[in-house]
Structure formats: structure tokens, C-alpha cells
Amino acid sequence: MTKQVRAARTRQALIRSAAIVFEQHGYAQARLALISSGAGVSTGALHFHFENKAAVAQAVVAEASHGLLAVSGSIRRRTDTALQTLVDTSHALVDLLARDPVTRAGFRLSCDGVRGDEPGLPTQWQRCVGELLDEAAAAGTLAEDVSRTDATAATVAATTGFEVLGRYDSEWLSAPTPTGFWRLLLPRLATPETLPLLDPSGTAAATEAVATGPDGHRASGVGAAAPI
């Protein structure tokens with residue numbers, strides 16, 4: 001294993017460990033010693049990659065935002081319409097919020113104002129929704145009298161609410177929740193010709209995108225990394 005590969009693995013392990021620590025203790029109470037020990041490295045190794053706790057938190061936010069973009073892009077390549085991509089991406093996001101600590105921590109840190117130069121996950125999601133609705137309108141699959149601004153706001157507000165409610169009841173972050181939302185909203189968004197072609201429960205593209213990491217390889221949990 002080259003030094004560069006080991007360093008990259010250590011950095012990823014630190015980001016995942018930090019996400020878990022931020023989720024369990026909150027940003028203010030999180031300690032760098034907990035983050036480094038969770039990644040199986042020394043605090044010196046942590047400081048090789050990150051100047052301070054704020055830099056670690058910003059890396060978590062960036063990782064979560066980049067992950068959402070990768071998932072959305074993967075789904076778009078596997079689906080026929082922008083509206084189905086929107087449905088599938090929302091299912092993938094809910095699944096990630098349920099199972100992936102980096103996504104959860106990135107979302108919550110963003111809401112708490114810890115972002116740095118990166119757009120937070122909610123902002124990234126809002127952009128994604130807006131762009132897909134613009135694409136649907138251009139393709140003629142979005143009903144003409146639908147306000148894209150209102151549709152974006154409703155979608156982002158709903159999924160944000162699912163995350164908040166899911167902190168206390170995991171059922172909010174299960175597949176039936178976005179399915180019910182889209183069963184309610186799709187008849188208003190889609191043209192009559194497009195609606196029968198859409199699956200509110202999501203397609204296999206959502207599952208495949210979540211199961212495959214941003215680099216195209218099968219995703220897996222990050223264990224202890226070798227020190228730099």
C-alpha cells in the first residue's frame with residue numbers, strides 16, 4: 001500500500017469517525033481525541049489531515065454533499081425522466097439518512113451553520129431538486145401550471161422534516177415515507193401522459209446508487225485505517 005493510499009484511507013476513516021462523534025455528542029462537545037481513537041489513529045495523524053475541529057466538521061459536510069451529488073448523478077444515468085430521478089434520489093437520500101452517519105452528521109452540521117466554503121447538504125439538495133424540476137419542465141413532463149419554486153420548497157421541506165422526525169422515530173426514515181409523499185405529490189407535478197410512467201416507491205436505480213460508492217465501487221463501512 002502506497003503512502004498516498006494509506007493517507008487517503010486514514011482521512012476517510014477520520015471523517016466517518018467524526019460523523020459518529022458529532023452525532024453522538026454534538027459539535028460543541030465533540031473531542032478530537034474521540035475522533036482519532038474512533039478512526040484507530042493518533043491525534044497527530046488527525047492534525048496531519050485537519051487543522052482543528054472546525055476543519056473536520058467542514059470535511060464531513062463536504063463529504064455528505066459530494067455523496068448526494070454522486071448518488072443523484074448515478075440515478076440520473078439509470079432513469080428515463082427527471083421526475084423519476086427526483087423520486088429515486090429522495091428515496092436514496094432518506095435511505096442514506098437512515099443508515100449512513102456521514103450523511104446524517106453532514107445534514108445536521110449544515111443546519112447548525114457548520115459549512116465552511118462548501119454548500120451544506122440541505123442547500124445541495126435544494127439545488128438538486130430545482131435542477132431536476134427545471135429539466136422536467138424543459139422536457140414537457142412537468143405540468144404547465146406547477147410552480148417550480150413551490151414544488152422545490154415542498155420537496156425540500158418534507159425531506160428535511162423526515163430527517164428531524166427520524167431522530168426520534170426511525171419509521172420516518174423508511175421507504176414508505178417518501179413513497180407516500182410522492183403518491184400525494186406526483187399527480188400534481190406530472191403531466192397526465194407522464195404520471196403512469198412514474199413509480200412513487202422508487203426504482204432499482206435508487207438502491208443501486210446507494211449501494212455503489214461515488215468511485216463506482218461497492219460501498220462498505222470504513223474500519224480502522226492504517227496510520228499515515
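Count residues from 1 along the sequence. What you see is a predicted model, and the numbers here were worked out from it, not measured in a lab.
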Checklist entry - Taking only residues two or more places apart in sequence, or in another chain, which ones meet D80 in a salt bridge (Lys or Arg N to Asp or Glu O under 4.0 Å)? => result none
Item to check | With sequence neighbours excluded, residues passing salt bridge (Lys or Arg N to Asp or Glu O under 4.0 Å) with R31 | outcome: none
Using a 3.5 Å cut-off and no angle test, enumerate the donor-acceptor pairs between side-chain atoms of residues 96-105 and protein atoms at least two apart in sequence or in another chain.
unit_1	atom_1	unit_2	atom_2	d
R99	NE	D95	OD1	2.9
R99	NE	D95	OD2	3.4
R99	NH2	D95	OD2	3.1
D100	OD1	R16	NH2	3.1
D100	OD2	T103	N	3.0
D100	OD2	T103	OG1	2.6
R104	NE	E23	OE1	3.4
R104	NE	E23	OE2	2.5
R104	NH1	L97	O	3.2
R104	NH1	A98	O	3.0
R104	NH2	E23	OE1	3.1

Item to check | Between T79 and T85: side-chain donor-acceptor atoms closer than 3.5 Å | outcome: yes
Next on the checklist: Test side-chain hydrogen bond (donor to acceptor under 3.5 Å, both in side chains) on T149 and T152; report intermediate values, then the result.
Outcome noted: CA-CA 5 Å; T149 300; T152 299; over 6 Å; no
Checklist entry - For T155, which residues count as a side chain to side chain donor-acceptor pair (under 3.5 Å) partner, sequence neighbours excluded? => result none
Checklist outcome for this item: Distance col, row Q58:CD vs E63:CD, nearest 0.5 angstrom, shows 14.0 Å
Checklist entry - Side chain of H49, backbone of L14: donor and acceptor closer than 3.5 Å? => result no
Checklist entry - Do the side chains of L68 and L121 get nearer than 4.5 Å, heavy atoms only? => result yes
Next on the checklist: Assess the residue pair L133 and L142 against the criterion (side-chain contact (heavy atoms from CB on, under 4.5 Å)); give the C-alpha distance rounded to whole Å, side-chain angles, the decisive distance to 0.1 Å, and a yes or no.
Outcome noted: CA-CA 7 Å; L133 288 173; L142 189 73; 4.0 Å; yes
Checklist entry - Which pairs count as salt bridge (Lys or Arg N to Asp or Glu O under 4.0 Å) when at least one residue sits in residues 182-192, sequence neighbours excluded? => result D145-R188
Next on the checklist: Is there a continuous path of hydrophobic side-chain contacts, each under 4.5 Å between heavy atoms, that joins L86 to F162?
Outcome noted: yes
Item to check | Spacing of T179 atom OG1 and L184 atom CG [to the nearest 0.5 Å] | outcome: 12.5 Å
Checklist entry - Any salt bridge (Lys or Arg N to Asp or Glu O under 4.0 Å) pairs touching residues 151-180, not counting sequence neighbours? => result R108-E163, E163-R167
Next on the checklist: Checking S74 now: which residues fulfil side chain to side chain donor-acceptor pair (under 3.5 Å) with it, not counting sequence neighbours?
Outcome noted: R78
Next on the checklist: Can a donor-acceptor pair be found, under 3.5 Å and without considering hydrogens, that links the side chain of T160 to the backbone of V156?
Outcome noted: yes
Item to check | Side-chain touch V87/L198, heavy atoms, less than 4.5 angstrom | outcome: no
Item to check | Partner set under side-chain contact (heavy atoms from CB on, under 4.5 Å) for A204, not counting sequence neighbours | outcome: E208
Checklist entry - Does the side chain of P187 come within less than 4.5 Å of L195's, by heavy atoms? => result yes
Next on the checklist: When you compare the side chain of C111 with that of P122, does any pair of heavy atoms fall below 4.5 Å?
Outcome noted: yes
Checklist entry - Is L197 reachable from I75 through a run of I, L, V, M, F, W or Y residues, each pair having side-chain heavy atoms under 4.5 Å apart? => result no
Checklist entry - Under 3.5 Å, side chain of T43 to main-chain N/O of A33, donor-acceptor pair present? => result no
Checklist outcome for this item: Applying side chain to side chain donor-acceptor pair (under 3.5 Å) to S201 and not counting sequence neighbours gives D199
Item to check | S37 side-chain N/O to L34 backbone N/O, donor-acceptor pair under 3.5 Å | outcome: yes
Checklist outcome for this item: Nearest heavy-atom approach of H91 to A206 is CB-CB, 4.4 Å
Checklist entry - Do any N or O atoms from the side chain of S72 and from the backbone of L69 form a donor-acceptor pair under 3.5 angstrom? => result no
Checklist entry - Between G120 and S65, what is the shortest heavy-atom contact and its length? => result C-OG, 3.7 Å
Next on the checklist: R127: which residues meet the side chain to side chain donor-acceptor pair (under 3.5 Å) condition with it, sequence neighbours left out?
Outcome noted: none
Item to check | Listed once per pair and sorted, the ring pair (Phe, Tyr, Trp, His ring centres under 6.0 Å) pairs that draw on residues 2-47, sequence neighbours left out | outcome: F22-Y27
Checklist outcome for this item: Residues Q84 and G202: closest non-hydrogen pair is NE2-CA, 4.1 Å
Item to check | Nearest heavy atoms of V56 and A18, plus distance in Å | outcome: CG1-CB, 3.3 Å
Checklist entry - Just by distance, do the side chain of S110 and the backbone of G106 share a donor-acceptor pair under 3.5 Å? => result yes
Item to check | V71, D88, L132, T89 screened by side-chain contact (heavy atoms from CB on, under 4.5 Å) with R76, the one that passes | outcome: L132
Checklist entry - Are the side chains of T177 and V94 in touch, meaning some heavy atoms are under 4.5 Å apart? => result no
Checklist entry - Can you find a heavy atom in the side chain of D112 that is under 4.5 Å from one in the side chain of F107? => result no
Checklist entry - Can you name the nearest heavy-atom pair linking K53 to A30, along with the distance? => result NZ-O, 3.2 Å
Item to check | Minimal non-hydrogen separation, A57 against L109, with atom names | outcome: O-CD1, 3.9 Å
Checklist entry - If we only count heavy atoms from C-beta on, is the L83 to E135 side-chain gap below 4.5 Å? => result no
Item to check | Pairs satisfying ring pair (Phe, Tyr, Trp, His ring centres under 6.0 Å), at least one member in residues 163-185, at least two apart | outcome: none
